[in-house]
Amino acid sequence: MIRRNGRIILLLALLSSLTWAACKESVTPTCQEPTTASLFIHCYHYAVDTSTVPTDTVLPYAHFVSLGVPVRNSQYTAGSSIFAISLSPFADSCKWGIIADSTKLVAGIELLDTLTFHYQRQLNFLSNACGYTYFYTLDTVNTTNHNIDSVIITNTGVTLNANGISQLAVYFHRDF
Amino acid sequence: MAYRNLQYIFIAIFSGLFFLSSSTVSLAQTGTDTTAVQDTAVKPKLKYVEKSGHQLCLAYDLSRPLISALYSNRQDAGFAVDYYLRKEVYLVAEGGFGGSNVDYDYLKYSTKNNYVTVGFNKSIFKRTTPKDWDIGFVGVRLGMADIQRSSASYVISDSTWSNQTITGSLPGKDLIGYWAEVAGGMRVELAKHFFLGWTIRGRFLLSASAFTQLAPEYIAGYGRGDKNSVFDFNFYATYAIRWNRKHE
């Protein structure tokens with residue numbers, strides 16, 4: 001019944017299949033997604049010593065330093081209260097230095113607070129093009145107290161999910 | 001973008017085929033009851049008599065070697081067998097084998113697999129004569145693949161913490177993949193007993209949980225193992241074996 005136009009239909013189908021195959025990924029896919037899990041830090045302070053309500057704290061010129069080998073610096077030129085850092089996949093602990101306001105550095109004196117992270121690493125498959133990465137589960141976070149009053153783990157999971165959930169709340173002294 | 005547009009085109013074709021199929025069925029089933037109230041005679045039910053003979057088709061997928069030539073890291077071969085049951089329903093079995101070699105900067109391994117699918121097709125075109133075997137069809141399948149994955153080596157780097165890299169390996173593993181398919185297509189008899197035909201398919205992975213450790217990049221018979229749904233296109237050359245049906 002359809003033989004009369006069948007040859008035309010088949011030819012169109014063959015051409016469509018060739019177009020389809022050609023439009024498919026004809027080159028080796030490359031990794032197009034983030035591969036490093038991020039830990040989000042949210043900064044707070046108490047307006048007065050007797051206050052029980054923390055306030056978002058904008059660090060005017062924050063300076064983050066990863067204390068690994070080699071040392072890496074991340075200097076922020078605009079104020080923010082939320083920062084993203086990474087954890088070391090090479091060990092079960094790592095250290096980050098935080099300077100709340102790098103414009104207040106006094107020659108020879110650096111008010112650097114050090115955050116020490118202890119965590120467990122989990123190997124996680126991303127995709128064939130991106131391979132594997134580590135996700136983390138936070139155990140403990142310790143801090144020095146130059147400008148930082150205390151830290152609280154608000155979410156133990158550190159993954160590639162960057163939907164605004166922070167894992168660490170850092171409380172600064174009122175007059176940092 | 002062109003790839004995405006082609007997907008939408010084939011979705012539209014699928015939808016049209018299913019609409020035609022449902023319209024054909026609904027037209028066959030609807031009717032106006034004109035029986036008069038006072039006519040209580042029971043009409044004898046006509047027994048369906050299949051007028052077409054038996055047909056067994058053997059098919060080879062011509063598109064697989066073509067696609068294997070385009071993708072040097074994949075190999076694929078496919079075959080199909082279908083048998084005409086009755087009332088324009090065909091039982092279908094498909095199978096094949098293939099494999100892939102993954103050689104990225106951060107991940108290397110290889111796979112090979114066999115696969116089989118079973119299901120049926122329903123012709124949505126009416127025959128002009130009992131010997132008219134040209135069909136346009138819709139169908140469903142269930143598929144299974146037996147996958148052997150080699151050991152995999154991976155590399156993780158993070159320049160924030162070190163200029164070195166982390167290397168590791170995963171042991172080889174045997175996996176089983178399952179999927180469901182919806183299919184549509186045409187087959188035209190260009191010479192006696194010889195057909196050419198095409199099929200478009202939507203496949204839906206049912207065993208995604210088995211691939212969480214490492215999803216095979218390519219599964220012959222399904223497609224990309226890291227996708228929960230895929231589209232595919234086949235082009236078949238078919239030979240039909242026919243014999244007469246014994247009528248009671």
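Here is the naming used below: chain letters follow the sequence lines, and residue numbers restart at 1 for every chain.
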Structural part of A/Thr133 lying under 4.5 Å from a heavy atom of chain B: backbone
Chain A contacts, top residue of B/Thr212, B/Val155, B/Thr160 (heavy-atom pairs, under 4.5 Å): B/Thr160
Residues B/Glu94 and B/Arg201 bridged, charged N to O under 4.0 Å: yes
Distance-only polar pair, side chains of B/Ser100 and B/Thr111, donor-acceptor under 3.5 Å: yes
Selection from B/Tyr109, B/Trp161, B/Tyr106 maximising heavy-atom pairs under 4.5 Å formed with chain A: B/Trp161
Under 4.5 Å from any heavy atom of chain A - which part of B/Ser159: both
Chain B contact via A/Leu123 - which portion, at a heavy-atom distance below 4.5 Å: side chain
Cationic N near anionic O, under 4.0 Å, B/Arg224 to B/Asp232: no
Best-contacting candidate, A/Thr35, A/Leu87, A/Leu67, against chain B by heavy atom pairs under 4.5 angstrom: A/Leu87
Ring centre gap for A/Phe40 and A/Phe83 strictly below 6.0 Å: no
Salt bridge flag under 4.0 Å for residues B/Arg127 and B/Asp132: no
Heavy-atom contact with chain A under 4.5 Å, split by part of B/Asp158: both
Side-chain H-bond candidate by donor/acceptor type, B/Asn121 with B/Arg141, under 3.5 Å: yes
Portion of A/Cys130 that has a non-hydrogen atom of chain B nearer than 4.5 angstrom: backbone
